[in-house]
Each structure stands twice: as C-alpha cells, then as structure tokens.
Amino acid sequence: SAARNAGLEAARGTCIAFVDSDDEVLPDIWTTILEEVDTEDAVCFSAEEIRIDNGRQIPVKSGYFDVAFQGVKVLRDEDLFKLSMTVWDKLFRRSKIEACTLRFPDGVHFEDNVFVLNFFILYRNVRFEPRKLYRYFRREGSIMDNAFHQKTGLAFDLIKILDPIYDFWMQHKFSPQNQSIFERICLQRLQFALQIC
C-alpha cells in the first residue's frame, strides 16, 4: 500500500497502471490499451495466470482473470461482482482517482479489494479488453499463495478491509441506498475468510 500510494502521489500522467515487481506485462501493452481509450473511466483487461512450481511455469486456467465483458460498458451494481479484485489488470483514469482522493489502506493484505470496489462504486464507464495482456505469476510464499495455504491470521484482513470500504461509501453518500451491495461484499469476504482460516 505504501509504495502504491507514493506512486499515486508522484504520478502526473493521464492514466494509472500498477505492475507487481514479480509479474510481466506484454510488450506494447500500454500503447495497445491507450489507442482504444476514449472517455472511459477505466480499462479492464484479461491476464494469464501462471503457477511457479520448482522453477517450472504451469498455466492455471481458473478463469478468474478473464474479463466478463467486451468493449465499452456502463457497469450495473451486479457487474461489480464480475470484476477481479486486483488492480494490476486495470488501467485507471488518474483524474478520477484524484477527484475522490482514492488511496490504498495501510497495514492490511487484500488492499486491492478496497481500491477496486471504491473506484467502481463511483465510476462505471469501463472498457473491457479480453486479450491477455498481463502475466500474473503465483509463487510459493506470496501473499495469495499463503492465503490458499491457510496462513494463520490472514483471514482477519478480509474483515478489516470492510471498514475502509464502508467509510468511503459513507463519505460519498453511497449508503444506505447501496446497503444490499455492501452486505453482499461483506458476505463474500466472510466466506473467503472462512475458507482460508
């Protein structure tokens, strides 16, 4: 969170993208995406998921990082649950981020959930690109690997991230009219927390 927030403070470009240090992006990814962006608030693109096992790269076909739509779409409430909860498979318009002073919460894992849900509750005009433009590597010992291997205490962060989501929604007057969406978000995080306990 701290590194990403520092990047957001320093950024001066029109758009914001995040790339994790142990992943790869396809050549010309940003040119490819920016050529097609018009007035959209964000672009969501598909990603290739690869598990590293004893130095071997094994493709994972979970489908989680495949976008659910194609072309420009105005998101409905239920579409929020079809988005991946990562920031690195998206391109965000910086003016939108700055308009609501959106940042990552410090001191918790799963901080991408907070950023994604808070951004897209406000901004719904999105372009979807089905091509796999990003390579996400799942390595042994990573945060997500630890989640899937029931790391002690990690489940509590899924509960902690609900506070900054709730606070942001209250600040921007998205409650109580969106209470049912927030409740669904809570239930999903609780279910995932139970899985990794």
A.B. asks: Under 3.5 Å, side chain of Lys82 to main-chain N/O of Glu78, donor-acceptor pair present?
C.D. replies: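 Answer holds: no.
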
A.B. asks: Locate the shortest heavy-atom distance separating Phe45 from Val67; write the atom from each residue and the value.
C.D. replies: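 Closest heavy-atom pair between Phe45 and Val67: C-CG1, 3.5 Å.
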
A.B. asks: Would you say Val116 and Val87 make side-chain contact, with heavy atoms under 4.5 Å?
C.D. replies: yes

A.B. asks: Under the ring pair (Phe, Tyr, Trp, His ring centres under 6.0 Å) rule, what do Phe115 and Phe92 come out as? Steps first, then yes or no, please.
C.D. replies: CA-CA 11 Å; Phe115 195 94; Phe92 302 90; 5.3 Å; yes

A.B. asks: So which atom in Tyr134 and which in Leu26 form the shortest heavy-atom distance, rounded to 0.1 Å?
C.D. replies: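 That closest heavy-atom pairing would be N-CD1, 4.0 Å.
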
A.B. asks: What pair of heavy atoms forms the shortest contact from Pro105 to Ser1, and how long is it?
C.D. replies: O-OG, 2.6 Å

A.B. asks: If two hydrophobic side chains count as joined below 4.5 Å and joins carry through other members, does Tyr64 share a cluster with Phe69?
C.D. replies: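 Tyr64 and Phe69: one cluster.
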
A.B. asks: Heavy-atom count around Phe81 CZ within 6.0 Å, excluding the residue itself: above 12?
C.D. replies: yes

A.B. asks: Considering all heavy atoms of both residues, which atom of Ile97 and which atom of Phe119 are nearest to each other, and what is their separation?
C.D. replies: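 Between these two residues, the closest heavy atoms are CG1-CE1, 4.0 Å.
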
A.B. asks: Atom CZ of Arg135 and atom CG of Asp20: how far apart are they, to the nearest 0.5 Å?
C.D. replies: 15.0 Å

A.B. asks: To the closest 0.5 Å, what do you measure between NZ (Lys73) and CD (Glu40)?
C.D. replies: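 One gets 14.0 Å once the value is rounded to the nearest 0.5 Å.
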
A.B. asks: Drop me the distance from Ile181's CD1 to Ile165's CD1, to the nearest 0.5 angstrom.
C.D. replies: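 Interatomic distance, Ile181 CD1 to Ile165 CD1, rounded to 0.5 Å: 12.5 Å.
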
A.B. asks: Any link between Val72 and Tyr123 through a network of hydrophobic side chains (Ile, Leu, Val, Met, Phe, Trp, Tyr) touching at under 4.5 Å?
C.D. replies: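 In one cluster: no.
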
A.B. asks: Report the C-alpha separation of Lys132 and Glu48 in whole Å, then their side-chain angles, then the decisive distance to 0.1 Å, and conclude whether the salt bridge (charged side-chain N to carboxylate O under 4.0 Å, His left out) test is met.
C.D. replies: CA-CA 6 Å; Lys132 295 181 186 293; Glu48 186 180 358; over 6 Å; no

A.B. asks: With a 4.5 Å cut-off on side-chain heavy-atom distances among I, L, V, M, F, W and Y, is there a chain of contacts connecting Leu133 to Val25?
C.D. replies: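 Yes; tracing contacts between hydrophobic side chains, which count when under 4.5 Å, links both residues.
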
A.B. asks: Show, in sequence, the C-alpha distance, side-chain angles and deciding distance for Phe18 and Asp23, and conclude whether the side chain to side chain contact (heavy atoms under 4.5 Å, CB included) test is met.
C.D. replies: CA-CA 11 Å; Phe18 300 93; Asp23 292 339; over 6 Å; no

A.B. asks: I'd like to know if the side chain of Asp89 pairs up with that of Ser84 as donor and acceptor (distance under 3.5 Å, no hydrogens or angles considered).
C.D. replies: yes

A.B. asks: Would you indicate whether the side-chain heavy atoms of Asp157 and Lys160 approach each other to under 4.5 Å?
C.D. replies: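 A side-chain contact under 4.5 Å exists here.
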
A.B. asks: Just so I know, are the side chains of Leu83 and Leu75 near enough to count as touching, which here means a heavy-atom distance under 4.5 Å?
C.D. replies: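 Leu83 reaches Leu75 side chain to side chain.
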
A.B. asks: Do Arg51's NZ or CZ and the ring of Phe137 fall within the cation-pi criteria of under 6.0 Å and 45°?
C.D. replies: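 Output no; distance or angle outside limits.
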
A.B. asks: For residues Cys44 and Val126, determine if any side-chain heavy atom of one lies less than 4.5 Å from a side-chain heavy atom of the other.
C.D. replies: yes

A.B. asks: For residues Gln188 and Met85, determine if any side-chain heavy atom of one lies less than 4.5 Å from a side-chain heavy atom of the other.
C.D. replies: no

A.B. asks: Taking the side chain as every heavy atom from C-beta outward, state whether Pro59 and Glu49 have any pair of such atoms under 4.5 Å apart.
C.D. replies: no

A.B. asks: With the side chain counted from C-beta on, respond yes when Lys90 and Thr86 share a heavy-atom pair under 4.5 Å apart, and no when they do not.
C.D. replies: yes

A.B. asks: To the nearest 0.5 Å, tell me how far Arg4 CZ sits from Glu9 CD.
C.D. replies: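 Rounded to the nearest 0.5 Å, the CZ-CD separation comes out at 15.5 Å.
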
A.B. asks: To check you understand the geometry: which heavy-atom pair defines the closest contact between Ala193 and Ala155, and what is its length?
C.D. replies: O-CB, 3.4 Å

A.B. asks: Please lay out, stage by stage, how Asp77 and Arg124 fare under the test salt bridge (charged side-chain N to carboxylate O under 4.0 Å, His left out).
C.D. replies: CA-CA 9 Å; Asp77 289 345; Arg124 303 295 186 99; 2.9 Å; yes

A.B. asks: Does either side chain, that of Asp112 or that of Trp88, offer a donor lying less than 3.5 Å from an acceptor on the other one?
C.D. replies: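 Result is no, nothing qualifies.
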
A.B. asks: Could you check, using the six-membered ring where one of them is a Trp, whether Phe110 and Phe104 have ring centers closer than 6.0 angstrom?
C.D. replies: no

A.B. asks: Answer yes if Met170 and Ile121 sit in the same cluster of Ile, Leu, Val, Met, Phe, Trp and Tyr residues linked by side chain heavy atoms under 4.5 Å apart, and no otherwise.
C.D. replies: yes

A.B. asks: Any pair with a residue in residues 92-101 that passes side-chain hydrogen bond (donor to acceptor under 3.5 Å, both in side chains), sequence neighbours left out, goes on the list, sorted by first then second residue, please.
C.D. replies: Glu98-Arg103

A.B. asks: Let me confirm one number: the CG-SG distance from Leu91 to Cys15, rounded to the nearest 0.5 Å.
C.D. replies: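 The SG atom of Cys15 is 4.5 Å from CG of Leu91, to the nearest 0.5 Å.
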
A.B. asks: Establish, from distance only, whether the side-chain atoms of Gln191 and Gln195 form a donor-acceptor pair under 3.5 Å.
C.D. replies: no

A.B. asks: Mind listing the closest non-hydrogen atom pair of Asn118 and Pro164 along with its distance?
C.D. replies: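 Asn118 and Pro164 have their closest heavy atoms at ND2-O, 3.7 Å.
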
A.B. asks: How many angstroms lie between atom CG of Leu158 and atom CG of Leu154, to the nearest 0.5 angstrom?
C.D. replies: 7.0 Å

A.B. asks: Could you pull out every donor-acceptor pair under 3.5 Å between side chains of residues 28-39 and any protein atom, sequence neighbours left out?
C.D. replies:
residue: Thr32; atom: OG1; partner: Asp28; partner atom: O; Å: 2.7
residue: Glu36; atom: OE2; partner: Arg131; partner atom: NH2; Å: 3.4

A.B. asks: Phe168 vs Leu122, test: side chain to side chain contact (heavy atoms under 4.5 Å, CB included). Steps then yes/no.
C.D. replies: CA-CA 10 Å; Phe168 186 89; Leu122 278 175; 3.5 Å; yes

A.B. asks: Is any side-chain heavy atom of Tyr136 less than 4.5 Å from a side-chain heavy atom of Ile50?
C.D. replies: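 Sidechains of Ile50 and Tyr136: no contact.
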
